[in-house]
There are 2 protein chains.
Amino acid sequence: MKKPVTINDIARELNITAATVSRALSNHREISAATKEIVRQAAIRLDYNPNKVASSLRSGKTNIIGVLIPTAEHIFFGSVIHGISNAASMNGYEVLIYQSNESEQFEKKGINAFLNARVDGILASIAKDTRDFSHFSYVKEKNVPIAFFDRFNDSLGISSVCIDDYRGAFLAAESLIKEGYKRIAYISGPLHIKTFSERVRGYKDALEQYDMNFDPGLIYNGDISIEAGRNAIKAFFKLERKPDAICAVEDFTALGALKELKGMGINVPGDVGVIGFCNDLFSEHISPSLSTVDQQTVAMGEEAFELIHKLIKDGHKNQRVHRKVLEPIIVLRESSKRT
Amino acid sequence: MKKPVTINDIARELNITAATVSRALSNHREISAATKEIVRQAAIRLDYNPNKVASSLRSGKTNIIGVLIPTAEHIFFGSVIHGISNAASMNGYEVLIYQSNESEQFEKKGINAFLNARVDGILASIAKDTRDFSHFSYVKEKNVPIAFFDRFNDSLGISSVCIDDYRGAFLAAESLIKEGYKRIAYISGPLHIKTFSERVRGYKDALEQYDMNFDPGLIYNGDISIEAGRNAIKAFFKLERKPDAICAVEDFTALGALKELKGMGINVPGDVGVIGFCNDLFSEHISPSLSTVDQQTVAMGEEAFELIHKLIKDGHKNQRVHRKVLEPIIVLRESSKRT
DNA sequence: CTGTTAGCGCCTTCAG
DNA sequence: CTGAAGGCGCTAACAG
């Protein structure tokens, strides 16, 4: 690897100083237009690429955002990253990715890597296995801007972007009620994650508001997986009083439920209605097509970038916690349409 | 943001020099075990985080891999990144992401950002719109390690990891032939991308090997999209001699074909067989479930990292071009099973 | 408008 | 085994 050209090389070539070259290239106003032009041409001629590492060391800014996600293998996070990354590019930032693989240990490693890399800010979505949140508090103590997206924890005084999970689940349950379903069960995700506990709350409140009696036996503590959906159905249909509709914490869970119901010869949506949450890509294309709640993933990514960008720019000044809440969009398809 | 602790702070605290601290922390063999221990404890006590920016400037190594993808919104690339990122983490590397959004212009910007960031190596999957490949050659001239994954160009002397697209399409077409389909059409992607032209070649050779006559009218120049799949079917079914099977360049294209066929009241797989390419997540769950060719995305990501890692380590020595070719795995489901 | 100087934090010779 | 010194490339303060 031959040595890259530096501003010193340009300076030597033009018999000026490196400082002038630096200023000319950053379009400083106290440099004559003529000099700027000469420098720019020399930069091109010598094939100069500014060294961002040196610049970062000097300025204390890397213009890099660290993004911590549970996994890149789920399109939900891919979409959010799509939003974050494009917004970042447009604002002169780059994006460093780290996967926690849903493990607290890797999550801590990722945070550490980001701090060592001196990223200007961190966007994180919490791993399912995480019970100790001290690494996030640590970031905050270090005064490194940080915000959560989707999976957050509101007891840490850290800003976040998410959709209104409570309202999303409320709308989902309500839509089943309005279709005439009478015994609506809920398949939940891990409840220590706020995102998921809020959804259960939304489901319960919808039942209450429509004067349907709530049966704790109709809540299954599951997970975001096809398997959890199948198991939930198996459990529900051993009950004496079986449900006639399923509200699932996530589309994969709903998919598992659908498959298991199909396997049992139960008609969806005729006998049992199903609604998911996420609006994953497959939801529209399975049959019956899956009713669900759209999470506005790309918008969430864009908002997440805006938020961290604001926190970075504000520095110490505006320390208050921001909570951006996006409106969930209910998407009604075949799986919950009785009529 | 209060000033982070540096090795100088530790040195001052312990009345030793920064050089000793540096050596102790990097476990240099010429430092006494006692000193190492003292330094390590002081580092923890003072809450020291090594500054990777400074370290990179000094060493000329960032331990960052730049990954250029068309879009993070497609699970295929998400999966590959999953593979790359995990392999990278395990080897002490981090991953910088840039999306080209299928545009040549953004692709060039991304490459430039990577060069300025002084990434140790670049992994790229070419945008659909790219016709001029000079930015890749430029990277090579600069002696910055680079390799392609999935979408590559073999005329640039740049290493690559991909699956055997020719063989994948051959197997797909062959499976339709063996099921007894007689007039097999092909919906292609943009042919200037090697990945896609190879697939057409595989399809043609399969027909030839099984003595089926090849009809150029049964190739539709489409794209990776549901819309292209629908349009292809519309076109094919206006022909005098209609096809009885569809081989698609990609699963979304196949999905579009399926939907259009359904809309036309044509039975799949009874009247017309369909097979895709990618094994996207939705393929298994639609109905009829989609036969396809699995691309081993996570393995591709891992191999891509191994390749770039090797290129980085070898430096100038081993300049020959590597071509890792993964074996495609045919996945037969309902959409192509006549029997 | 441009030059001089100094230093961001770390690492690596070269001495001792 | 440890210290002293210089420099990676860039930028900002201070002069002129």
Side-chain angles (χ1 to χ4, degrees), chain A residues 1-40 42-43 46-64 92 115-120 142 144, chain B residues 1-40 42-43 46-64 92 115-120 142 144:
Chain A
M1 218 171 300
K2 55 176 170 265
K3 275 207 171 158
V5 178
T6 73
I7 52 171
N8 291 300
D9 299 325
I10 299 179
R12 202 175 318 115
E13 180 88 1
L14 300 176
N15 278 318
I16 55 178
T17 66
T20 307
V21 174
S22 171
R23 283 183 282 230
L25 289 174
S26 54
N27 205 20
H28 198 282
R29 56 204 147 71
E30 289 183 358
I31 295 284
S32 73
T35 314
K36 282 182 186 169
E37 193 48 33
I38 292 174
V39 170
R40 261 193 274 261
L46 296 180
D47 195 17
Y48 169 75
N49 288 102
N51 187 329
K52 230 193 82 182
V53 178
S55 164
S56 295
L57 177 60
R58 181 62 235 245
S59 67
K61 300 260 150 254
T62 52
N63 273 45
I64 293 178
L115 290 177
N116 292 350
R118 298 295 192 265
V119 297
D120 288 349
K142 289 244 161 192
V144 173
Chain B
M1 220 173 297
K2 54 176 171 267
K3 272 204 173 162
V5 178
T6 74
I7 52 171
N8 290 301
D9 299 324
I10 298 179
R12 201 174 320 113
E13 179 88 2
L14 300 175
N15 279 316
I16 54 178
T17 66
T20 305
V21 175
S22 171
R23 280 184 282 229
L25 290 174
S26 56
N27 206 19
H28 198 284
R29 57 204 146 71
E30 288 183 358
I31 295 284
S32 72
T35 314
K36 281 181 188 170
E37 195 46 35
I38 292 174
V39 170
R40 262 193 274 260
L46 297 179
D47 196 16
Y48 168 75
N49 286 104
N51 186 329
K52 233 194 78 180
V53 178
S55 162
S56 294
L57 177 61
R58 180 63 236 254
S59 68
K61 300 260 150 251
T62 53
N63 274 45
I64 293 178
L115 290 176
N116 292 350
R118 298 294 191 266
V119 298
D120 289 348
K142 289 245 163 192
V144 173

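Note on naming: letters A, B, ... go to the chains in the order of the sequence lines (proteins, then strands), and numbering restarts at 1 for each one. Everything numeric in this text was worked out from a predicted model, so none of it was measured.
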**Q** Please report, rounded to the nearest Å, how far the C1' atom of D:dC8 is from the CG atom of B:Asn51.
**A**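 So the two atoms are 13 Å apart, to the nearest Å.
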**Q** Return the minimal non-hydrogen interatomic distance between A:Ala42 and A:Leu14, and the atom names on each side.
**A**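 For A:Ala42 and A:Leu14, the tightest heavy-atom pair comes out as CB-CD1, 3.8 Å.
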**Q** Using modelled atom types only, decide if a donor and an acceptor are shared between the side chain of A:Ser55 and the backbone of A:Asn51 within a distance under 3.5 Å.
**A**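 No: the side chain of A:Ser55 does not pair with the backbone of A:Asn51.
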**Q** Could you tell me if A:Asn63 and A:Lys52 have a donor-acceptor pair between their side chains, going purely by distance under 3.5 Å?
**A**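 Per modelled atom types, A:Lys52 and A:Asn63 side chains form no pair under 3.5 Å.
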**Q** Below 4.0 angstrom from OP1 or OP2 of C:dC10, is there any side-chain N or O of B:Ser22?
**A**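 So the side chain of B:Ser22 is outside the cut-off, no N or O lying under 4.0 Å from OP1 or OP2 of C:dC10.
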**Q** Starting from the 5' end of DNA chain C, give me the residue, B:Pro50 or A:His28, whose nearest nucleotide shows up first.
**A**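 By nearest-heavy-atom nucleotide position, the 5'-most residue is A:His28.
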**Q** Please report, rounded to the nearest Å, how far the P atom of C:dG7 is from the CG atom of B:Asn8.
**A**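 In whole Å, C:dG7 P and B:Asn8 CG are 12 Å from each other.
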**Q** If I take atom NZ in residue B:Lys52 and atom P in nucleotide C:dC10, what distance separates them, rounded to the nearest angstrom?
**A**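 The answer, rounded to whole Å, is 14 Å.
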**Q** Side-chain N or O of B:Thr20 less than 4.0 angstrom from OP1 or OP2 on D:dC1?
**A**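 So the side-chain polar atoms of B:Thr20 never come under 4.0 Å of the phosphate oxygens OP1 or OP2 of D:dC1.
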**Q** So which one's nearest nucleotide on DNA chain D is more toward 5', A:Arg23 or A:Ala54?
**A**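 Result of the comparison: A:Ala54.
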**Q** Nearest whole Å is fine: how far is C:dC8 C1' from A:Lys61 NZ?
**A**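 Rounding to the nearest Å, NZ of A:Lys61 and C1' of C:dC8 are 13 Å apart.
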**Q** What contact category does A:Ser59 fall into here, base, sugar-phosphate, or nothing, at under 4.0 angstrom with non-hydrogen atoms?
**A**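 The answer is nothing, as A:Ser59 stays clear of every strand by at least 4.0 Å.
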**Q** Could you tell me whether the phosphate oxygens of D:dC8, OP1 or OP2, come under 4.0 Å of any side-chain nitrogen or oxygen in A:Thr6?
**A**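 Negative; the distance criterion is not met.
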**Q** Take atom CG of B:Asn15 and atom P of D:dA4, then tell me their distance rounded to the nearest Å.
**A**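 From B:Asn15 CG to D:dA4 P: 11 Å.
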**Q** Would you mind classifying the nucleic acid contact of A:Ser56 as base, sugar-phosphate or nothing, using non-hydrogen atoms under 4.0 angstrom?
**A**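 The answer is nothing, as A:Ser56 stays clear of every strand by at least 4.0 Å.
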**Q** So which nucleotide from C:dT4, D:dT2, D:dG3 ends up closest to the side chain of A:Ala19?
**A**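 So the nucleotide nearest the side chain must be C:dT4.
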**Q** Quick one: which of D:dT2, C:dT2, D:dT11 gets closest to the side chain of A:Ser32?
**A**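 The nucleotide sitting nearest to the side chain is C:dT2.
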**Q** Is there a side-chain contact between B:Arg118 and B:Val144 (heavy atoms, below 4.5 Å)?
**A**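 No - every pair of side-chain heavy atoms lies 4.5 Å or more apart.
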**Q** Please classify the nucleic acid contact of B:Ser26 as base, sugar-phosphate, or nothing, using heavy-atom distances under 4.0 Å.
**A**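 Contact class for B:Ser26: none.
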**Q** Quick one: A:Arg118 CZ to C:dG9 P, roughly how many Å, whole number?
**A**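 These atoms are roughly 8 Å apart.
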**Q** Rounded off to whole Å, could you give me the CZ-to-C1' distance for the A:Arg12 and C:dG3 pair?
**A**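 Rounding to the nearest Å, CZ of A:Arg12 and C1' of C:dG3 are 17 Å apart.
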**Q** When all nucleic acid strands are considered with a 4.0 Å heavy-atom cut-off, which category describes B:Ser55: base, sugar-phosphate, or nothing?
**A**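 Counting heavy atoms under 4.0 Å across all strands, the contact made by B:Ser55 is with sugar-phosphate only.
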**Q** Over all heavy atoms of both residues, which pair between B:Ile31 and B:Thr35 is shortest? Give the atoms and the distance, please.
**A**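 Heavy-atom minimum between the residues: CG2-CB, 3.9 Å.
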**Q** Between atom CG in A:Leu57 and atom C1' in C:dC8, what is the gap in whole Å?
**A**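 One finds 4 Å between C1' of C:dC8 and CG of A:Leu57, rounded.
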